[in-house]
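First the structure, in the form of structure tokens, and then the observations on it.
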Amino acid sequence: MSCSREEITSRLLDSYQRYYNITIYDDAKLPLKALCEYYEAAEKYVVSRKVNLWTAKGEEFIFLYEMPVLTRELFEKHLAEARETGMKLAHIGSGHMYTYITPVFVCDSCEPDALKALKKCSVHKTFLFSFHGWMDVRLAVCQAAEQAVATNKAGRCMEKNLKRILFS
């Protein structure tokens, strides 16, 4: 059973809608189809909320791109775009623990050099020697023609779920 790009995008958005704030972009000319935002916060306090022991805030931004063929040039362009936009959306400061910037490319096929660049890509940044947390870029490509999912090292935790959501 093969899925089209549109079906894959629809399945991903359906699975994300429970946990993420989703902004859908309807412009057919742009490859960015949606931005999914996830925020969480945890804290520990003693006696009252004024005596806060620790705070941990996490956030993830998924940029969902859809295109017929993923080339290396398109990959690099949209990766830079996602990093720039994700860093603008991030709330770095006291209490921040992590930010994941996650571009997901849904395509019919992927050129070998783009796939190689995606798998080798490693972006990790710490803020104030990790006192204000860190940022990782997790990447995934979903190929409709081959019914395959590929990720970079940071995105391996997503691979199993993507395969289950898309191709089961």
Side-chain angles (χ1 to χ4, degrees), residues 1-40 58-91 97-126 133-168:
M1 181 174 120
S2 91
C3 296
S4 68
R5 286 190 328 253
E6 293 79 16
E7 288 177 272
I8 291 174
T9 302
S10 176
R11 285 185 185 183
L12 286 173
L13 290 175
D14 286 345
S15 69
Y16 290 153
Q17 77 181 14
R18 178 176 288 163
Y19 304 104
Y20 293 81
N21 299 329
I22 299 175
T23 305
I24 295 177
Y25 300 100
D26 290 330
D27 190 353
K29 296 177 185 176
L30 294 177
L32 181 63
K33 296 302 174 193
L35 170 62
C36 308
E37 301 174 61
Y38 172 79
Y39 300 96
E40 72 173 320
E59 50 200 10
E60 180 177 10
F61 306 107
I62 297 177
F63 296 86
L64 192 58
Y65 293 99
E66 185 182 304
M67 59 198 68
V69 178
L70 180 62
T71 63
R72 186 177 180 124
E73 293 78 28
L74 285 173
F75 167 71
E76 290 172 352
K77 174 186 171 191
H78 295 307
L79 173 61
E81 174 187 299
R83 280 185 63 189
E84 182 181 329
T85 305
M87 288 305 295
K88 287 179 184 174
L89 293 171
H91 300 96
M97 188 167 103
Y98 68 86
T99 295
Y100 295 131
I101 298 173
T102 311
V104 176
F105 300 96
V106 177
C107 57
D108 289 327
S109 63
C110 182
E111 290 183 354
D113 58 339
L115 192 59
K116 184 177 179 182
L118 182 133
K119 288 181 178 182
K120 286 181 123 183
C121 184
S122 176
V123 180
H124 177 81
K125 182 176 177 138
T126 60
W134 69 88
M135 180 273 301
D136 275 328
V137 174
R138 305 187 312 180
L139 296 162
V141 62
C142 304
Q143 299 179 62
E146 296 181 19
Q147 300 286 297
V149 174
T151 64
N152 66 343
K153 188 174 182 179
R156 284 190 192 146
C157 58
M158 305 175 353
E159 189 171 7
K160 185 177 177 182
N161 280 338
L162 285 174
K163 286 180 180 178
R164 181 184 54 79
I165 291 166
L166 300 177
F167 307 123
S168 63

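- Looking only at distances, a side-chain donor or acceptor of N152 sits under 3.5 Å from a matching main-chain atom of C121.
- The distance from atom OG1 of T126 to atom CH2 of W134, rounded to the nearest 0.5 Å, is 10.5 Å.
- Residue-environment remark: CZ (R5) exceeds the threshold of 12 foreign heavy atoms within 6.0 Å.
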task = Evaluate the criterion salt bridge (Lys or Arg N to Asp or Glu O under 4.0 Å) for residue pair K77 and E73; output intermediate values, then yes/no.
result = CA-CA 6 Å; K77 174 186 171 191; E73 293 78 28; over 6 Å; no

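- A salt bridge links E76 with R72: the distance from a Lys NZ or Arg NE/NH1/NH2 to an Asp or Glu carboxylate oxygen falls below 4.0 Å.
- At a cut-off of 3.5 Å, with distance as the only test, no side-chain donor of T71 or E111 sits close to an acceptor on the other residue.
- From L30, atom CG reaches atom OH of Y25 across 10.0 Å, with rounding to the nearest 0.5 Å.
- Between V104 and C142 the shortest side-chain heavy-atom distance falls below 4.5 Å.
- With a 4.5 Å cut-off on side-chain heavy atoms, Y16 and D14 do not count as touching.
- Judged by distance alone, with hydrogens and angles left aside, the side-chain atoms of T85 form no donor-acceptor pair with the main-chain N or O of A82 at under 3.5 Å.
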inquiry  = side-chain contact (heavy atoms from CB on, under 4.5 Å) for E146 and S109? Distances and angles first, verdict last.
reply    = CA-CA 7 Å; E146 296 181 19; S109 63; 5.6 Å; no

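- Here CD1 of I22 is found 5.0 Å from CG of L13. Values are rounded to the nearest 0.5 Å.
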task = Test side-chain contact (heavy atoms from CB on, under 4.5 Å) on V123 and R83 and set out the steps.
result = CA-CA 10 Å; V123 180; R83 280 185 63 189; 3.7 Å; yes

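- Under the 4.5 Å side-chain criterion, counting only non-hydrogen atoms from C-beta, P103 is not in contact with H78.
- Within the 4.5 Å cutoff, the side chain of M135 has no heavy atoms near those of the Y98 side chain.
- Of the possible polar contacts, one joining the E7 side chain to the S4 backbone as a donor-acceptor pair under 3.5 Å is found.
- Aromatic ring centroids of F61 and Y100 lie 6.0 Å or more apart.
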request  = Could you go through the side-chain contact (heavy atoms from CB on, under 4.5 Å) check for V106 and V141 one step at a time?
outcome  = CA-CA 6 Å; V106 177; V141 62; over 6 Å; no

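- Annotation: side chain of Q143 is in contact with side chain of C107 (closest heavy-atom distance under 4.5 Å).
- Looking at Y65 and E81, their side chains come closer than 4.5 Å, going by heavy atoms from C-beta outward.
- Aromatic pair Y38/Y19: centroids not less than 6.0 angstrom apart.
- The side-chain heavy atoms of L79 and L118, taken from C-beta on, include no pair separated by under 4.5 Å.
- In this structure, F105 and M67 have side chains that are in contact, with non-hydrogen atoms separated by less than 4.5 Å.
- Between I24 atom CD1 and L32 atom CG the span is 11.0 Å, to the nearest 0.5 Å.
- With 3.5 Å as the limit, one finds a donor-acceptor pair spanning the side chains of T102 and E60.
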query = Can L12 and L64 be said to form a side-chain contact (heavy atoms from CB on, under 4.5 Å), step by step?
reply = CA-CA 9 Å; L12 286 173; L64 192 58; 3.7 Å; yes

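- T99 pairs with exactly one of K125, E59, H91 by the side-chain hydrogen bond (donor to acceptor under 3.5 Å, both in side chains) rule, that one being E59.
- Between K163 and E159 a salt bridge is recorded (basic side-chain N to carboxylate O distance below 4.0 Å).
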